[in-house]
Amino acid sequence: MIAKVIVDVAVNQTDRMFDYLVPPEFEQTIVPGIRVNVPFGPRKVQGFVIAIAEDSEYDSSKIKPLAELVDLKPPLTEELLALSTWVKDNTLSFHVTVLKTMLPAAMRAKYDKRLSIHESLDEGEVPESIQPFFPETNEIESWEKWSKDASELDKKVMMTAIKEEVVLVTPLVKTSDSVKKQQIVNLMVSKKDLEKAIESTPSRAIKQVKLLEFFISHFEDESEYTLTALLEKADVSRDTVQSLRKKNLVSIEEKAIARDPYEGRTFVKSEPLPLMEEQQTALDPILDSIHQENHQTFLLRGVTGSGKTEVYLQAIDQVLKKGKEAIVLVPEISLTPQMVTRFKERFGSRVAVLHSALSKGEKYDEWQKIREGKVDVAVGARSAIFAPFEKLGIIIIDEEHETSYKQEESPRYHARQVAIKRGEYYKAPIILGSATPSLESYARAKKGVYTLLTMENRVNHVKMPEVSIIDMREELRSGNRSMFSESLVKGISDRLEKREQTVLFLNRRGYSSFIMCRDCGYVPQCDHCDISLTYHRTNQSLQCHYCGHSETIPSICPECQSDSIRFFGTGTQKVEEELLKVFPEIRIIRMDVDTTRRKGSHEKLLRQFGEGKGDVLLGTQMIAKGLDFPNITLVGVLAADSMLHLPDFRSGERTFQLLTQVSGRAGRHLKPGEVVVQTYTPDHYSIEDVKSHNYLSFFEKEMGIRKQGGYPPYYFLVIIHVSSEQLDQVVSVTEKITHFLQRELSDQTFVYGPVASTIPRIKDRYRYQCMIKYKVEPKLTNTLQEVIKTYQSETTRSSLAIHMDMNPYMML
DNA sequence: AGCACGCCGACT
DNA sequence: GTCGGCGTGCTC
């Protein structure tokens, strides 16, 4: 029996199946999806069994048997296995990379080596030089650990000993199973035997006697203790228990226990809420699709506050009643306790939550609950799309326009695409929900590829907030040089009086803080990347945003020796200072990367604000979503156009989405909301249409721009990134690739480039790119694969790297 | 990726 | 004369 294995070596040359002989003792257990450890050349690696075959095409004398099974049950289902192939083909990734991203981080293999003194050597024969390395045993269990705090000299000595075969190296593959384990102590003998044991225990072993007496006096109560509990109850030390174990009176075994990240929290069960007519109209076709088991993709466009979540909840409820399962994707940033609570309250312990604030181990446990069928709803960020359910009945993607659904590293998959693929397999509906759908999705809905569902009104007829656009040029002209417009100041003071709350949103992109010489205009740059250094106030340093390089702030300009080198840019700290100047008494809660770095501080700050401990919540992107407090009646956007001028064709779309999202934070309940948007380009449609809450108008205008520029959704894009330490190599390779693509691809396809990337150098690597625009291109995948193959040897031998991004979201 | 095999310069 | 540099090629 032969196992076809994808080995955990993510390079071109090994990105295919390798055949291994299945030893007879594994034949019963082995199935596709199981992980195995296999000999691979001189070392041992982990791999995924993709298929089982009777025999192999490969030279049978060269086929090695696989070493061991890592799993008894496959962590990946047949469906996910098939999906992995589809994802790798559609993202041009290595197969293992995809397989590994389908598993929780805790299940990824770790490689280490064990060192041991060669068995044939007698004690006297061990060279003195290495004796201190092996003080107790003849083994060093982990090379990794040992070499970490060994001196360079020690390492050299060890290497020599390895070479002389005095020390033997055994490669190890560990699945860092971060399963939380509990030591369980079991009594192995009868009461009588315990009494006998006391007699035979030397009287100086007081502790052992004490423990034995404890066991006797509690014999009827329990025969099994967790080690920690036992140590406490019997008041003995770990060693004492070990002594009894050596005498075979007790056994100690490790037992995996599941953590519950929400342990101790109680959730009040919630009942389905009565639906508004619009909600019901949206829900009905979804329910039909669930009952008829016909896969369909719905695009649910519902304005902020229209009650999309309730529609999701009731659709899921129906799915669960049919004995099926549901995946709900939420952007990481809005995976807040508020959101999780709503699902927990409705579905209780049947919900698993996967998000980045959980520890590796906690994520693993949540994942296991899904795999073992203990839950039937998974709520999580992007990677939760790979939740190993086997009876999927629905997939919901909330805020479907969010760019975080596209993974920015290999495999560069988009969760929406994967969702639809899984939906097809399970004949299950997909719901894409958003107040501001991506142009791609809305265009597909208009074409009838997706089914469009619309909710134009807020629940309970709450009015949409009043949005005023403030022209900051006008403010300047009338003599206001501060960063707050007159209306905003008036708005804030008004809220202070009424004891209502304000949210101030500063979009920091394009506004990074930097240092500039006022005399000659010199801006300190990173030595390794072509980018300005960012000013960090906390440790008074200049840091590179891309490579982490850090230097001190110069007191005089290195170019012109002038001393008027100053800090520029607008950060939340600056806004806070300015705001305090206007309102000395105001209580500000600031949320940005600096104040939310510590785990849980994000939630803490939000809770404080919710409890009314602040008048103003000031923050960046992270406050745009999920925030739902009844007392917020004013939202101020300080610089609405800061992202509008980024070199990205989606900048208009992002601006509209973000502004709409932020505006949606105001007046969600009884009190009416007001939004003040400050901008230097008040006439831009991305800003104007926010005022009128008119998605359709924005959509039409933006579509026009896309059509004109030949951008999605009219064309598909591929970006090929080429980087190397040698500039000449990058340029020539990118040029050759561009020409090759121009030659190979059809006439209706456009190939642009080569051009230097927006950041032409990062970490001393030069970066170039070329871009493909196409509508239909059957040869695309093959041609791109050919490019990878052509440069295969060059990428392994030199520093050259080629990355391909299908349907990119980041144009940088 | 690792790791071994294999062919040319500075050292015991 | 050997040790060791890293170029080349393979892993079932």
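Below, chain A is the first sequence line, B the second, and so on; all start at residue 1.
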Task: Rounded interatomic separation in angstrom, taking CG from A:Asp8 and C1' from C:dC12 - done: 16 Å
Task: Cation-pi check, A:Arg16 onto A:Phe18 ring (under 6.0 Å, within 45° of axis) - done: yes
- [ ] Indicate yes or no for a side-chain donor-acceptor contact from A:Glu777 to the backbone of A:Ser746 under 3.5 Å, with no hydrogens or angles considered.
- [x] yes
- [ ] Send over the distance from A:Gln13 CD to C:dC12 P, rounded to a whole Å.
- [x] 14 Å
- [ ] Using atom types as modelled and distance alone, determine if a side-chain donor or acceptor of A:Glu366 lies under 3.5 Å from a backbone N or O of A:Lys363.
- [x] no
- [ ] Quickly work out the A:Asp19 CG to C:dT11 P distance and round it to whole Å.
- [x] 13 Å
TODO: Give the rounded distance in Å between these two atoms: CZ of A:Arg16 and C1' of C:dT11.
DONE: 8 Å
Open item on the list: Heavy atoms only, 4.0 Å cut-off, all strands: where does A:Phe40 land among base, sugar-phosphate and nothing?
Closed with: base
Open item on the list: Whole angstroms only, please: what is the CZ-C1' distance between A:Arg43 and B:dG2?
Closed with: 4 Å
Task: Whole-Å distance separating the CZ atom of A:Arg797 from the P atom of B:dA1 - done: 11 Å
Task: A:Phe18-C:dC12 aromatic stacking (under 5.5 Å, under 30°) - done: no
Task: N or O in side chain of A:Lys64 less than 4.0 angstrom from C:dC12 OP1/OP2 - done: yes
TODO: Round to a whole Å and report the spacing from CD1 of A:Ile6 to P of B:dA1.
DONE: 17 Å
Open item on the list: Determine whether a donor-acceptor pair (N or O, by modelled atom type, separation under 3.5 Å) exists between the side chain of A:Ser798 and the backbone of A:Thr795.
Closed with: no
TODO: Using atom OH of A:Tyr20 as one end and atom C1' of C:dC12 as the other, report the distance to the nearest whole Å.
DONE: 5 Å
